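Following: one structure in structure tokens, then a few remarks.
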Number of protein chains: 2
Amino acid sequence: MKTASEKVVHRLILYKKLLKNFQSKSVRNIFSHNLAEHASLNPAQIRRDLMLVGYDGSTVSGYNVNDLLFCIEKFLYPNEIQNVALIGLGNLGKSILDYCYGRHPIIAINAIFEKDPNKINRIICGTRCYHIDDLEIIVKKNSIKIAIIAISSSVTETIAKRLIECGVKSIINYSNACLSFPAEIYVENRDMMFAVEKAAFFSKKEKEI
Amino acid sequence: MKTASEKVVHRLILYKKLLKNFQSKSVRNIFSHNLAEHASLNPAQIRRDLMLVGYDGSTVSGYNVNDLLFCIEKFLYPNEIQNVALIGLGNLGKSILDYCYGRHPIIAINAIFEKDPNKINRIICGTRCYHIDDLEIIVKKNSIKIAIIAISSSVTETIAKRLIECGVKSIINYSNACLSFPAEIYVENRDMMFAVEKAAFFSKKEKEI
DNA sequence: ATTTAATTGTGAAAAAAATAACAACTTTAA
DNA sequence: TTAAAGTTGTTATTTTTTTCACAATTAAAT
């Protein structure tokens, strides 16, 4: 299996999404410049990225949407079903759950963890909510390798350590805490203020040019 | 004003956050390697980034936390208060509102837009919820340049166009739609499935090495 | 049959980003 | 006083990422 940088993987996921849109509009074939336009990228970039997934287009009709999708998915998807843990069922947790529900054929949120007794044992979007004390048991039982942290920052670090301790390899952290772990753990810190501050910086900068 | 890439801006925001943590722990001075450790970055990277903000550290005691923070903030912050519009007050909208409330001295959500009549005119986190039909009036009145879209995808594109039409320069898009606009508009697409799929890819890859 | 037009895959080049390397500096120790 | 230790700012180098450029290919037009 060839390696791929995070950037390339991100773009491949984007291509997959765009291709699904085209597929749903019954578009059969597509050229790199079509994708480029929708992705705001250079066509050569797209062709180069696609070299990774092992599908050759035609010089005449470009890429067959179905076939290319198949190859990208084969490249991106794990072999087996991937269970995801969601930590926290506040507004953010609920919206993540809603958003992800039924979106992906292989990857799905499989367990929710909370400390609020009113939420424990409820089933939301087909997913059971467990007490946070049962984290280790459930994560191990379901071979969960991915976790989404959607709680306030004060306990984030402790929970992240517990997750890694029991086998989690990737953490998506929506809390205010900055997580940082050894390189073999994939951490994506998604502090929502970052996006806003960046947006502010770039909306400002423009005026000054 | 020097230009800065999105990556550099992102890191500067990160340094700011880390420095605030140090400040709250009454740490007075800090070295580039301390920051590097917490940010999982190379110390030279940090020193290079800091060249932009115009603050010189001391070769003996490193950087004064307060002074460096001041310079980073001066570099990052807009000159005037930046009003932000939030589109959608579902679970995600509420969590964004909560999360951002009081977090930043200059940037704040200033108006919420909804179509649900039960939500209109309510005030949440000090912010009034308006009918989506009033978008143009309110955005113009408050000189809003930044918008956060937290609604389902079907109407995202239309709303984004309306936002830009009335002066918005930066959009943070949490919906499933892929927005793409001319380069002078800053768009950050934050489809939450992307993070999960990337996490899945990299948690899988590790096993295969 | 040829030519034209359009596209792909990919090597080469360019651009951007990250890292290394080091002179200059300052304190402390010898 | 001199040497040692440790850090910064910045130049140089390396690595990564993006873009260019073009041979090869194929269908349609002439």
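Throughout, a chain's letter reflects where its sequence line sits, starting with A, and its residues are numbered from 1. Remember, predicted model here, so these are calculated numbers, not experimental data.
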request  = Inspect the surroundings of NE2 in A:His38 and state if more than 12 heavy atoms from other residues, nucleotides or ligands are less than 6.0 Å away.
outcome  =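 Counting other residues, nucleotides and ligands, NE2 of A:His38 stays at 12 neighbours or fewer.
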
message = How about CD1 on B:Ile81, more than 12 heavy atoms from neighbouring residues, nucleotides or ligands closer than 6.0 Å, or not?
response =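 Counting neighbours around CD1 of B:Ile81, 12 or fewer heavy atoms of other residues, nucleotides or ligands fall under 6.0 Å, so no.
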
task = Answer with yes or no whether A:Thr59 presents, from its side chain, a donor or acceptor under 3.5 Å of a partner atom in the base of D:dT25.
result =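 For A:Thr59, whose side chain was compared with the base of D:dT25, there is a donor-acceptor pair (under 3.5 Å).
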
request  = Tell me, please, which residues at least two apart from A:Arg47 pass salt bridge (Lys or Arg N to Asp or Glu O under 4.0 Å).
outcome  =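 A:Arg47 satisfies salt bridge (Lys or Arg N to Asp or Glu O under 4.0 Å) with no other residue.
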
key: All salt bridge (Lys or Arg N to Asp or Glu O under 4.0 Å) counterparts of B:Arg162, not counting sequence neighbours   =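 For B:Arg162 the salt bridge (Lys or Arg N to Asp or Glu O under 4.0 Å) partners, ignoring immediate neighbours, are B:Glu136.
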
Results of side-chain contact (heavy atoms from CB on, under 4.5 Å) for A:Val60 - residues two or more places apart only =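 Per chain and number, A:Val60 pairs via side-chain contact (heavy atoms from CB on, under 4.5 Å) with A:Ser58.
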
ask   = So, A:Asn66 side chain and A:Gln23 main chain: donor-acceptor pair closer than 3.5 Å or not?
value =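 Not a single qualifying donor-acceptor pair exists.
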
ask   = Is B:Lys17 reaching over with its side chain to a backbone N or O of A:Asn176, donor-acceptor style, under 3.5 angstrom?
value =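 Yes.
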
Tell me the interatomic distance from [X], atom [atom1], to [N], atom [atom2], rounded to whole angstroms.
X: A:Phe31; N: D:dT25; atom1: CZ; atom2: P; value: 18 Å
X: A:Asn64; N: D:dT26; atom1: CG; atom2: C1'; value: 17 Å
X: A:Asp56; N: D:dT25; atom1: CG; atom2: C1'; value: 12 Å

task = Sort and list the pairs that fulfil salt bridge (charged side-chain N to carboxylate O under 4.0 Å, His left out) and have at least one residue in residues 57-73 of chain B, not counting sequence neighbours.
result =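 Qualifying pairs, neighbours excluded: B:Lys20-B:Glu73.
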
query = So where does chain B start and stop touching DNA chain C, 5' to 3', when the test is distance under 4.0 Å to a non-hydrogen atom?
reply =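 Counting from the 5' end, contacts occupy C:dA17 to C:dT27.
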
remark   = Heavy-atom contacts, protein to nucleotides 13-20 of chain D, under 4.0 Å, summarised as B (base), S (sugar-phosphate only) or - (none) per nt, yield ----SBBB

message = Heavy atoms only, 4.0 Å cut-off, all strands: where does B:Ser61 land among base, sugar-phosphate and nothing?
response =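 The residue B:Ser61 makes no contact with any strand.
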
ask   = For B:Ser58 and D:dT8, is the shortest distance between a side-chain N/O and OP1 or OP2 below 4.0 Å?
value =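 Looking at the OP1 and OP2 atoms of D:dT8, neither is under 4.0 Å from any side-chain N or O of B:Ser58.
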
